[in-house]
Amino acid sequence: MNAGRVKLYDANPEILNLLSGTNLQVSIMVPNSEISIIASNQAKADEWVRNNVLPYYPQTMIRYLLVGNEVLSYNSSDQDRQMWLDLVPAMTKIKSSLKAQNITNIKVGTPLAIDVLQSTFPPSNSMFRPDISNSVMAPMLRFLNRTNSFMFIDVYPYFPWSSNTTNISLDFALFGGNNNTDCYTDPGSGLIYTNLLDQMLDSLIHAMATLGYPNIRLLITETGWPNSGDIEQPGANIHNAATYNRNLIHRMVAKPPLGTPARPGVVIPTFIFSLFDENQKTGPGTERHWGLLHADGTPIYDIDLAGKRRLEDYEPLPEANNNSPYKGSVWCVVAKGVNNDELGSALTNLCNSGAGNGTCDALSPGKECYEPVSEILHASYAFSSYWAKFRSHGATCYFNGLAEQTTVDPSHGSCKFPSVTL
């Protein structure tokens with residue numbers, strides 16, 4: 001695939017051994033659960049480096065050591081907020097451990113989500129959230145500046161576009177905005193933007209400059225576009241995913257470098273999320289569909305990570321037919337090709353647990369949806385009923401991969417399936 005770097009979400013020994021002797025630069029990660037203990041104990045930091053770096057380095061080209069993942073996005077407990085305060089001390093101790101081993105070419109940092117910013121629009125108005133600005137971001141920027149490291153950022157134009165398709169054009173999100181209608185001029189800076197990614201990155205650059213650090217380099221630890229998703233998730237398709245990632249690669253490998261309007265001509269190292277689709281991930285449909293490859297390793301669409309292939313040399317992509325938000329009724333039914341034993345177990349659990357709250361009442365003998373007695377029909381009714389009842393509380397049409405959405409009404413006779421209206 002002509003990859004130049006690979007990013008792991010841990011320090012998996014098998015993968016690190018397999019990467020030995022290759023020319024792939026590698027990023028490894030300290031799990032969130034270990035941050036606080038490392039922050040309070042230099043010996044623990046030394047032990048982590050001894051166990052997870054020294055056995056593989058330098059034969060495996062470890063170049064980035066990331067402490068935690070999107071730590072500042074977690075805010076549901078006192079423990080989460082304590083982890084915020086432990087983040088920079090943990091980074092500092094890990095850096096000291098590397099230095100003690102005379103390892104100077106591994107950059108230490110932490111990947112942040114764009115929600116560290118209070119606002120991203122316009123870029124010249126952006127600043128960090130007040131709950132982290134002075135307590136976490138200021139010391140973090142001081143550390144990154146002192147160690148000549150990167151601000152590592154996960155940045156996804158898909159999310160602001162898909163939640164505001166009326167005001168943000170798809171071309172602007174997919175790097176297709178080069179005409180005057182798809183440009184945005186920042187009223188504060190006068191800078192002209194032709195794409196959403198640059199706008200989001202410059203928001204971060206402005207927020208760092210506001211705290212006194214205008215020159216810390218950026219490294220994109222995650223970006224990409226979903227190749228599929230739920231019916232209510234517009235624009236999640238192969239056409240847009242391939243278009244975004246191909247255009248992204250061409251921008252990032254351009255010579256001379258393009259940079260962003262606030263920092264023209266600057267190289268931005270970039271990781272595409274993700275190598276594989278993750279078919280067992282919970283949550284909305286897009287969560288399972290960011291991959292360049294299917295779970296079996298076959299490509300979802302053609303892509304050249306080195307950026308040497310011209311965009312016009314790719315085969316035509318399948319047409320995108322869901323770029324506008326869907327309006328109408330949606331049901332949740334049994335997915336094709338599911339395991340019948342798993343289906344029976346899920347149906348029993350759903351209908352017999354108190355959590356279902358009457359989800360399966362219509363399936364009782366003599367009731368309107370009892371006949372025909374079919375496990376697939378009963379499960380489809382139960383899935384639709386539960387999803388319609390609890391979607392507002394976060395329920396999804398997933399059920400461990402047993403269910404899928406449909407716009408075709410599965411009701412039959414006097415049995416009316418509950419639906420969700422979008």
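Residue indices begin at 1 and follow the sequence shown. Side chains included, hydrogens not; waters and symmetry mates left out as well; all remaining heavy atoms used.
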Between [X] and [Y], which heavy-atom pair has the shortest distance, and what is it?
{"X": "P234", "Y": "S162", "answer": "CG-O, 3.9 Å"}
{"X": "I168", "Y": "P160", "answer": "CD1-O, 3.6 Å"}
{"X": "I62", "Y": "Y56", "answer": "CD1-CB, 4.4 Å"}
{"X": "M91", "Y": "G109", "answer": "CE-CA, 3.8 Å"}
{"X": "M29", "Y": "P111", "answer": "CE-CG, 3.9 Å"}
{"X": "F128", "Y": "L204", "answer": "CE2-CD1, 3.8 Å"}

By the definition side chain to side chain donor-acceptor pair (under 3.5 Å), identify the one residue from [options] that meets it with [X].
{"X": "T221", "options": "T110, T270, D154", "value": "D154"}
{"X": "Q82", "options": "D78, D86, D80", "value": "D86"}
{"X": "Y301", "options": "N227, N245, T243", "value": "N245"}

- Task: Let me see the working for T194 and D182 under side-chain contact (heavy atoms from CB on, under 4.5 Å), right down to the final yes or no.
- Result: CA-CA 6 Å; T194 60; D182 270 330; over 6 Å; no
Keeping the roles fixed (side chain from [X], backbone from [Y]), state whether a donor-acceptor pair exists under 3.5 Å.
{"X": "N195", "Y": "L197", "result": "yes"}
{"X": "T223", "Y": "V155", "result": "yes"}
{"X": "S345", "Y": "E342", "result": "no"}
{"X": "R217", "Y": "N148", "result": "yes"}
{"X": "S384", "Y": "S419", "result": "no"}
{"X": "N247", "Y": "L174", "result": "yes"}
{"X": "Q59", "Y": "S20", "result": "no"}
{"X": "S385", "Y": "T359", "result": "yes"}
{"X": "Q405", "Y": "V330", "result": "no"}
{"X": "S97", "Y": "D46", "result": "yes"}

- W290 pairs by ring-ring contact (aromatic ring centres under 6.0 Å, His included) with which of Y156, F271, W225? Y156
Residues, nucleotides or ligands: over 12 heavy atoms within 6.0 Å of [X] [atom1]:
{"X": "K44", "atom1": "NZ", "answer": "no"}
{"X": "N400", "atom1": "CG", "answer": "no"}
{"X": "I376", "atom1": "CD1", "answer": "no"}
{"X": "L18", "atom1": "CG", "answer": "yes"}
{"X": "E312", "atom1": "CD", "answer": "yes"}
{"X": "M127", "atom1": "CE", "answer": "no"}

Do [X] and [Y] sit within salt-bridge range, that is, some charged N less than 4.0 Å from a carboxylate O?
{"X": "D131", "Y": "R81", "value": "no"}
{"X": "E278", "Y": "R288", "value": "no"}
{"X": "R263", "Y": "D202", "value": "no"}

- May I ask you to check if R142 and Y213 form a cation-pi contact, with NZ or CZ under 6.0 angstrom from the six-membered ring centre and within 45° of the axis? no
- Item | Cation-aromatic face contact R391/W331, 6.0 Å, 45 degrees | no
- Which is it for S169 and D171 under the side-chain hydrogen bond (donor to acceptor under 3.5 Å, both in side chains) test, yes or no, and what are the steps along the way? CA-CA 5 Å; S169 84; D171 272 351; 5.6 Å; no
- Task: Check whether any side-chain heavy atom of W48 sits under 4.5 Å from a side-chain heavy atom of P31, and report yes or no.
- Result: yes
- Check: V71 and V136 side chains under 4.5 Å, non-hydrogen atoms: no
- Task: List the steps and the verdict of side-chain hydrogen bond (donor to acceptor under 3.5 Å, both in side chains) for S126 and Q118.
- Result: CA-CA 7 Å; S126 69; Q118 185 173 19; over 6 Å; no
- Short side-chain donor-acceptor distance under 3.5 Å, N240 and N323: yes
- Apply salt bridge (charged side-chain N to carboxylate O under 4.0 Å, His left out) to the pair R309 and D302, showing each step before the final yes or no. CA-CA 11 Å; R309 190 166 174 183; D302 214 3; 2.7 Å; yes
- Item | From CA spacing to verdict: side-chain hydrogen bond (donor to acceptor under 3.5 Å, both in side chains), Q199, Y184 | CA-CA 9 Å; Q199 203 172 287; Y184 170 77; over 6 Å; no
- Going through the checks in order, is the salt bridge (charged side-chain N to carboxylate O under 4.0 Å, His left out) test met by R50 and E47? CA-CA 5 Å; R50 198 163 55 245; E47 183 186 347; 5.2 Å; no
- Dump the intermediate steps for side-chain hydrogen bond (donor to acceptor under 3.5 Å, both in side chains) on D230 and Y326, then the final yes or no. CA-CA 10 Å; D230 293 332; Y326 175 80; over 6 Å; no
